[in-house]
Amino acid sequence: MSSHSLLIADELEGKDDVTLRRSQVNRKFASDLSVRLQCPVDLIYVKTLKDIPGRLSLNAGEKAKLITQKSQQLAPVMKSFTRPGKLIVKFGSPLREISSALKDSHNIEALILGSRALSGMDRFFLGSVAEEVVRSVKRPVFILGPGTQNDQYALSEKKELRIVIATDLTKKCRAAETYGVSLAKRLGAKVLLYHSAAETLRTVEQYVFASGEATPSIDSIFDDIKKDAVASMEKRVTRLKAKGINCESYIEMEKTPFVETLLSSTKDSMDLLCMGDDSSGGLFTSLLGSNLRDMIAKSPVPVIVVRG
């Protein structure tokens, strides 16, 4: 049995239908994942102090009493988990309290968040705070976007799981590859390593244009990128198969949009999607920016964000 737990941050007092459905899908996913991983689910709910009358005059004892009352009120929600853990209720900053909960417990494996980001600059259910949470924590974060909520995504309906790991085949995605493979092994899932040669070319083009250096033709560069990708991917697949991982690979060779192509090519064969993030740059240029933000908004399955 795993000594780790999952932590879900949830809106427990939302009233509108969209919020209620998102909360229901998120908790169902957390419960199903905990069953497969044989670990408990902890739930954290953070209520901002601005919602509390007379908050400025509250002392430590009064705040503690409010937390106890709210915990008792919300305790029944833990019955929605097959393997319930701890209910954590806090008053204050969601960013600070969620980050603190992760730092205080070395047993929490990953954080689960829901997202209502539809496109562009739309934010997660905690507003811009959620982006700061993902940026500040060092644990993998499972993000359930609007696609999972609209389709009522349910992990319990999946038999043999398939995890797609998007990689640029460099060390920037090493953490995502490592966690994705580890998760697949524990879940008995099949791994698909997905690489877009066009995304690598795009990064090279940005460097070329910025540097102003003379280079071979773009077509020649693209041919070299594709050859290197094939060789690198073959090594990865061979290594994983030698470790007993059910693994295959796919390299997109055409100059097509990354997000749309990945989702269309894995449409009927993906249950979880693992992506890396390196805030210093690279394939996924900045946290929740560019491809990563677009993927979260459009993916029909949970996206696992793993920081490099």
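Values below: every heavy atom of this structure, side chains too, minus hydrogens, waters and symmetry copies.
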Is the backbone of Ser5 close enough, under 3.5 Å, to the side chain of Asn107 for a donor and an acceptor to pair up by distance?
no
Measuring only between side-chain heavy atoms, which start at C-beta, is Val301 closer than 4.5 Å to Leu272?
no
Backbone N or O of Ser34 within a donor-acceptor pair of the Gln38 side chain at under 3.5 Å?
no
Output yes when a side-chain donor or acceptor of Gln72 lies under 3.5 Å from a complementary backbone atom of Gln69, and no otherwise.
no
For Ser23 and Arg27, does a side-chain donor sit closer than 3.5 Å to a side-chain acceptor?
yes
Is it the case that over 12 heavy atoms from other parts of the model lie below 6.0 angstrom from the CD atom of Gln24?
no
Under 3.5 Å donor-acceptor, Thr148 side chain and Gly145 backbone
yes
Donor-acceptor check, side chain of Ser80 to backbone of Val77, threshold 3.5 angstrom: yes or no?
yes
All salt bridge (Lys or Arg N to Asp or Glu O under 4.0 Å) counterparts of Arg139, not counting sequence neighbours
none
Which atoms form the tightest heavy-atom contact between Ala30 and Leu6, and what is the distance?
O-CD1, 4.0 Å
Using the ring of each side chain (for Trp, its six-membered ring), is Phe142 parallel, tilted or perpendicular to Tyr179, with breaks at 30° and 60°?
perpendicular
For the residue pair Leu43 and Met78, what are the closest heavy atoms and their distance?
CB-SD, 3.9 Å
Tell me, do Met253 and Phe222 make a side-chain contact under 4.5 Å, heavy atoms counted?
no
Side-chain donor/acceptor of Thr261 to backbone N/O of Phe258, under 3.5 Å
no
Between Asp32 and Arg36, does any side-chain N to carboxylate O distance fall below 4.0 Å?
no
What heavy-atom pair brings Asp294 and Glu260 nearest, and what distance separates the two atoms?
OD2-OE2, 4.0 Å
Pairs touching residues 228-241 that satisfy salt bridge (Lys or Arg N to Asp or Glu O under 4.0 Å), sequence neighbours left out
Glu177-Arg236
Sole candidate of Glu11, Lys70, Glu13, Lys90 that passes side-chain hydrogen bond (donor to acceptor under 3.5 Å, both in side chains) when paired with Tyr45
Glu13
Please check this pair: side chain of Gln149 against backbone of Ser115, looking for a donor-acceptor N/O pair closer than 3.5 Å.
yes
Point-to-point distance, once rounded to the nearest 0.5 Å, from CG of Asn59 to NZ of Lys65
10.5 Å
Under a 4.0 Å threshold between the charged nitrogen and the carboxylate oxygen, would Asp17 count as salt-bridged to Arg21?
no
